[in-house]
Every structure is written in C-alpha cells, then in structure tokens.
Amino acid sequence: MDLIVLDTNVVVSALRSRRGASHRILELLAQDPPFRICLSVPLLFEYESILFRAFGKSDARIKPILDYMCSVAELEEIHFLWRPFLRDPGDEMVLEVAVGAGAHSIVTHNVKDFDGVESKFGIQVERPGEFLTRLRENEK
C-alpha cells in the first residue's frame with residue numbers, strides 16, 4: 001500500500017473544485033483506498049493556515065476535512081529536520097513528513113519545488129493526476 005504526503009496545494013485544490021484529481025484523492029480517502037496519507041502536526045497546521053487564508057475561517061468545510069484527514073492519516077513525529085533542502089519552508093514540512101514516514105511519494109501541483117527529492121531520498125514526486133493514473137495502472 002502506497003504511503004503518500006499531500007502538499008498543501010493539493011488540499012486547497014480539492015476544496016476549490018470538485019472536478020479535479022485533487023478532489024478525487026480526498027474522496028478516495030473515504031473509500032478504503034490503496035494508499036494512506038501521512039501527516040505531522042506542523043503540516044496539519046500549515047494546511048489549516050492556508051485553507052483559512054484561502055477560504056476564510058468561517059468556511060464550514062475546513063474543520064471536518066482536516067478532522068477526517070487526521071482520523072485516517074498516519075501521524076509522523078518529526079525527529080530529524082532535513083532543512084534546508086528546498087527553497088520553500090512550507091515544502092520542507094512536506095519533505096520532513098515524507099522522509100520520516102518512509103513515504104513512497106509526495107503528491108503536489110508544484111513538482112519543480114521538489115527538485116532533487118527523488119534522487120536524494122528516493123521519494124517520487126507526482127502531480128495528483130499522475131498519482132491517480134498510477135493507482136489505476138497498479139489495480140490492473
């Protein structure tokens with residue numbers, strides 16, 4: 001079973017549109033998917049902060065989605081910081097969870113922000129659509 005880390009932009013995208021691959025990934029979480037997500041407390045706070053900024057603190061979708069993600073995710077405690085490896089500190093949180101959990105992939109819309117991750121850490125970096133395509137191919 002794949003262990004993945006979702007970049008914040010995937011969670012934001014999932015709330016922006018019900019038609020995209022990002023939304024489909026969150027939908028699959030409720031359907032016994034062939035993957036698991038991992039989170040850390042700092043990454044969860046990053047999700048919350050960005051979602052509040054993007055949609056407002058009064059958006060009723062945010063808390064239930066984050067609560068559900070917490071209930072199905074593997075919680076990873078960060079014991080070793082790989083910083084600085086990437087340019088964006090928010091991306092560093094995603095990388096730390098992925099490395100600490102031994103994740104197979106990071107799912108993001110900004111693949112270029114994670115340059116060098118696959119060669120240094122062996123973690124695949126893929127867009128949401130690519131991730132879903134790989135899942136479908138693995139089911140065959």
Side-chain angles (χ1 to χ4, degrees):
M1 178 176 291
D2 277 356
L3 189 58
I4 67 168
V5 179
L6 298 176
D7 194 359
T8 309
N9 59 49
V10 174
V11 180
V12 171
S13 253
L15 268 71
R16 285 199 196 282
S17 171
R18 291 177 166 239
R19 293 186 222 152
S22 298
H23 190 268
R24 182 67 184 138
I25 290 170
L26 289 189
E27 281 182 331
L28 286 173
L29 284 176
Q31 300 173 5
D32 193 28
F35 66 90
R36 291 193 44 102
I37 60 169
C38 15
L39 283 174
S40 67
V41 172
L43 183 56
L44 179 65
F45 286 146
E46 170 82 359
Y47 288 173
E48 182 182 64
S49 171
I50 299 299
L51 289 172
F52 282 164
R53 201 171 338 151
F55 300 103
K57 288 185 179 184
S58 62
D59 191 312
R61 300 172 299 171
I62 296 171
K63 185 175 175 358
I65 287 172
L66 294 179
D67 287 348
Y68 184 73
M69 289 176 73
C70 286
S71 75
V72 298
E74 289 188 17
L75 183 60
E76 181 64 32
E77 291 185 34
I78 304 302
H79 298 288
F80 187 87
L81 302 178
W82 292 101
R83 297 175 190 207
F85 185 77
L86 303 172
R87 288 175 276 161
D88 181 350
D91 292 335
E92 294 283 2
M93 281 188 274
V94 172
L95 178 59
E96 287 168 359
V97 174
V99 170
H104 178 268
S105 66
I106 294 171
V107 180
T108 181
H109 287 286
N110 301 323
V111 172
K112 288 189 179 225
D113 290 350
F114 292 91
D115 279 344
V117 167
E118 188 164 359
S119 61
K120 174 135 176 113
F121 301 104
I123 299 169
Q124 189 171 353
V125 179
E126 52 196 338
R127 290 177 180 81
E130 295 167 342
F131 173 69
L132 291 175
T133 298
R134 185 171 57 79
L135 283 181
R136 281 191 294 273
E137 288 171 357
N138 289 343
E139 288 177 352
K140 294 179 182 178

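In this text, all values refer to a predicted model and were calculated from it rather than measured experimentally. Side chains included, hydrogens not; waters and symmetry mates left out as well; all remaining heavy atoms used.
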For the student: nearest non-hydrogen atoms of Val97 and Leu43, plus distance: CG2-CD2, 4.1 Å
Presence of salt bridge, Glu139 and Arg136, under 4.0 angstrom: no
Verify same cluster id: Val41, Val5 (apolar side-chain graph, 4.5 Å): no
Rounded distance (nearest 0.5 Å) linking atom CD of Glu74 with atom CG of Leu39: 10.0 Å
Single-linkage hydrophobic cluster, 4.5 Å side-chain cutoff, Leu3 and Leu29 together: no
Single-linkage hydrophobic cluster Leu75~Val94, side-chain heavy atoms < 4.5 angstrom: no
Arg127 side chain near Thr108 side chain, heavy-atom distance below 4.5 Å: no
Tyr47 side chain vs Val12 backbone, donor-acceptor pair below 3.5 Å: no
Trace of the side chain to side chain contact (heavy atoms under 4.5 Å, CB included) decision for Ser22 with Arg16: CA-CA 9 Å; Ser22 298; Arg16 285 199 196 282; over 6 Å; no
Contact summary for Gly129 and Ala21, nearest pair of heavy atoms: N-CB, 3.6 Å
Donor-acceptor contact below 3.5 Å, side chain Ser13 vs main chain Val10: no
Test item: Leu28 and Gln31 side chains (from C-beta on) under 4.5 Å apart, heavy atoms: yes
Spatial distance of atom CG (Leu66) from atom CZ (Phe52) [nearest 0.5 Å]: 7.5 Å
Gap between atom CG of Leu6 and atom SG of Cys38 - 0.5 Å precision: 8.5 Å
Exercise: identify the closest heavy-atom pair between Ser105 and Arg134: OG-NH2, 3.6 Å
Passing candidate, side-chain contact (heavy atoms from CB on, under 4.5 Å) with Ile25, options Leu132, Val11, Ile37, Leu135: Leu132
Distance in Å, Asp91 CG paired with Thr8 OG1, rounded so as to fall on 0.5 Å steps: 8.0 Å
CG (Asp32) with more than 12 external heavy atoms under 6.0 Å: no
Side chains of Leu15 and Ile62 in contact at under 4.5 Å (non-hydrogen atoms): yes
Nearest-0.5 Å distance, CD of residue Glu48 to NZ of residue Lys63: 9.0 Å
Minimum side-chain heavy-atom gap Met93-Ser40 below 4.5 Å: no
Separation between CD1 of Ile106 and CG of Asp7, rounded to the nearest 0.5 Å: 8.0 Å
Neighbour count above 12 (heavy atom, 6.0 Å) for Phe45 CZ: no
Minimum heavy-atom distance between Pro34 and Met1, given as atom pair plus value: O-CG, 3.5 Å
Donor-acceptor contact present, side-chain Ser49 to main-chain Glu46, <3.5 Å: no
Non-hydrogen atoms of Phe114 and Asn110 that approach each other most closely: CD1-O, 3.6 Å
Smallest separation among heavy atoms of Leu26 and Ala14, with atom names: CD1-CB, 3.3 Å
Arg18 atom CZ, neighbour heavy-atom count above 12 within 6.0 Å: no
Validation row: Phe131, Asp2 side chains within 4.5 angstrom (heavy atoms): yes
